[in-house]
Amino acid sequence: MMLAVNFSPFPELETNRLLLRQPMLTDAQDFFILRSNTLVMQYVNRPIAKTVEDAENLINKIADIINTNEGINWCITLKDNPKKVMGNIGIWQLKKEDYRGEIGYMLHPDFWRKGIMQEAVEAVINFGFNQMQLHSLEAKINPSNSASAMLLEKNNFIKEAHFKEDCFWEGEFSDTVVYSLLKK
Ligand SMILES: CC(C)(COP(=O)(O)OP(=O)(O)OC[C@H]1O[C@@H](n2cnc3c(N)ncnc32)[C@H](O)[C@@H]1OP(=O)(O)O)[C@@H](O)C(=O)NCCC(=O)NCCS
């Protein structure tokens, strides 16, 4: 037995204020604004977007991952302004044989500390456990990323491991802290 997932049709999620919807090529400008922001990218070991084309390539890559059911990613928008992408959130690196996936998220600083990611994370955890039928979710963060650590702890993730200098990015080694949450 192995986890079976199918992200077609794309599962939009709604919360109080938010619509989590499918990323589209027309979101490239907003993705660029997000992915080129040094505050957003500070603890994200991914290349900073230099052009809107970089953002388009990323959106195409996300679409491939969704179409092949290897992972899922949502644009975080307000229900009353669904065109504007404030951030994104996803479950990726699926380990189907273990019913496990990794949650990841980022939000533009213009929208920080309004409870937006809290709302999005709750919806995505619920989707992961109750729709996708995952057994566990993990999150990997840089130990200096206290905002992300606090968000995970608020959502009952448990710190399970701290790997020392396991990651080499842009000429430097950094630690990884692994959090996880089991389906209740
Ligand atoms: C981490 C991040 C997604 C938080 O988003 P946010 O919408 O501002 O978070 P919320 O307003 O929903 O806050 C929810 C909880 O997260 C924690 N939190 C968020 N920002 C925090 C901060 N600056 N310092 C400490 N805790 C913080 C708190 O526990 C907060 O609960 P509280 O308001 O009851 O204290 C956002 O800071 C971000 O996008 N950072 C850059 C990208 C990134 O690092 N992503 C994670 C990579 S692993």
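Nothing here was measured: the structure is a model prediction, and the numbers come from that model. In what follows, residues are counted from 1 in the order of the sequence shown. Read the numbers this way: they start at 1 and go in the same order the structure lists the ligands and their atoms.
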Aromatic ring centroids of Tyr43 and Trp169 under 6.0 Å? no
Return the residue, atom name and 0.1 Å-rounded distance of the protein heavy atom closest to atom 42 (C) of ligand 1. Val40 O, 3.4 Å
So is Lys140 close enough to ligand 1, meaning a heavy atom under 4.0 angstrom away? yes
Under a 4.0 Å threshold between the charged nitrogen and the carboxylate oxygen, would Asp110 count as salt-bridged to Lys84? no
Do any nitrogen or oxygen atoms of Tyr105 come within less than 3.5 Å of a nitrogen or oxygen of ligand 1? yes
Before giving the answer on side-chain hydrogen bond (donor to acceptor under 3.5 Å, both in side chains), spell out for Gln93 and Lys140 the whole-Å C-alpha distance, their side-chain angles and the decisive distance to 0.1 Å. CA-CA 11 Å; Gln93 308 283 34; Lys140 295 182 172 177; over 6 Å; no
Taking the six-membered ring for Trp, are Phe10 and Trp74 parallel (under 30°), tilted (30 to 60°) or perpendicular (over 60°)? perpendicular
Looking only at heavy atoms, is any part of Glu153 under 4.0 Å from ligand 1, and if so is it the side chain, the backbone, or both, or is it neither? neither
Nearest protein heavy atom with distance in Å, relative to atom 9 (O) of ligand 1: Met117 CB, 3.9 Å
Name the closest protein heavy atom to atom 37 (O) of ligand 1, giving the residue it belongs to and the distance to 0.1 Å. Trp112 CE2, 3.6 Å
Would you check whether Ile141 has a nitrogen or oxygen atom less than 3.5 angstrom from a nitrogen or oxygen atom of ligand 1? no
Can you tell me how far CG of Leu18 sits from CD of Glu122, rounded to the nearest 0.5 angstrom? 10.5 Å
Would you say Asn145 has any N or O atom under 3.5 Å from an N or O of ligand 1, going by distance alone? yes
For atom 39 (O) of ligand 1, find the nearest protein heavy atom and state the residue, atom name and distance (0.1 Å precision). Leu107 N, 2.8 Å
Can you tell which part of Gln118 has a heavy atom less than 4.0 Å from ligand 1: side chain, backbone, both or neither? both
Check whether the side chains of Asp175 and His162 place a donor and an acceptor atom closer than 3.5 Å, and report yes or no. yes
the protein heavy atom lying closest to atom 35 (O) of ligand 1 turns out to be Arg113 NH2, 3.0 Å
Answer yes or no for atom 2 (C) of ligand 1: protein heavy atom present at a distance under 4.0 Å? no
For Tyr99 and Met1, run side chain to side chain contact (heavy atoms under 4.5 Å, CB included): C-alpha distance rounded to whole Å, both residues' side-chain angles, the deciding distance at 0.1 Å, then the answer. CA-CA 10 Å; Tyr99 296 74; Met1 278 268 287; 3.8 Å; yes
Using a strict cut-off of 4.0 Å, indicate which atoms of ligand 1 neighbour a heavy atom of Gly115. 10 (P), 11 (O), 12 (O)
Identify, for atom 14 (C) of ligand 1, the protein heavy atom at the shortest distance, and state residue, atom and that distance. Leu151 CD1, 3.6 Å
Select the closest option to atom 29 (O) of ligand 1 among Arg46, Glu122, Met41, Met150, judged by heavy-atom distance. Met150
I'd like to know if Val177 and Leu182 are part of one continuous hydrophobic network [Ile/Leu/Val/Met/Phe/Trp/Tyr, side-chain heavy atoms within less than 4.5 Å]. no
Counting from 1, what ligand 1 atoms have a heavy atom of Ile116 closer than 4.0 Å? 7 (O), 12 (O)
Ligand 1 contact on Lys114 by region, counting heavy-atom pairs under 4.0 Å: backbone
Should we count CD of Glu172 as having more than 12 external heavy atoms under 6.0 Å? no
re atom 18 (N) of ligand 1, the protein heavy-atom contact at minimum distance is Ala147 O, 3.7 Å
Applying a strict under-4.5 Å side-chain criterion to I, L, V, M, F, W and Y, I'd like to know whether Leu78 and Ile76 cluster together. yes
I'd like to know if the side chain of Thr68 reaches the main chain of Ile65, judged simply by a donor and an acceptor atom lying under 3.5 Å from each other, with no hydrogens or angles considered. yes
Between Ile91 and Glu102, is a side chain to side chain contact (heavy atoms under 4.5 Å, CB included) present by the stated rule, with each step listed? CA-CA 5 Å; Ile91 300 177; Glu102 178 179 340; over 6 Å; no
Enumerate the atoms of ligand 1 whose separation from the nearest heavy atom of Met106 is less than 4.0 angstrom. 39 (O), 42 (C)
Hey, does Phe111 come in under 3.5 Å of ligand 1, counting only N/O atoms on both sides? no
Quick check: does Lys154 get an N/O under 3.5 Å from an N/O on ligand 1? yes
Quiz question: by atom type and distance under 3.5 Å, do the side chains of Asn73 and Gln22 form a donor-acceptor pair? no
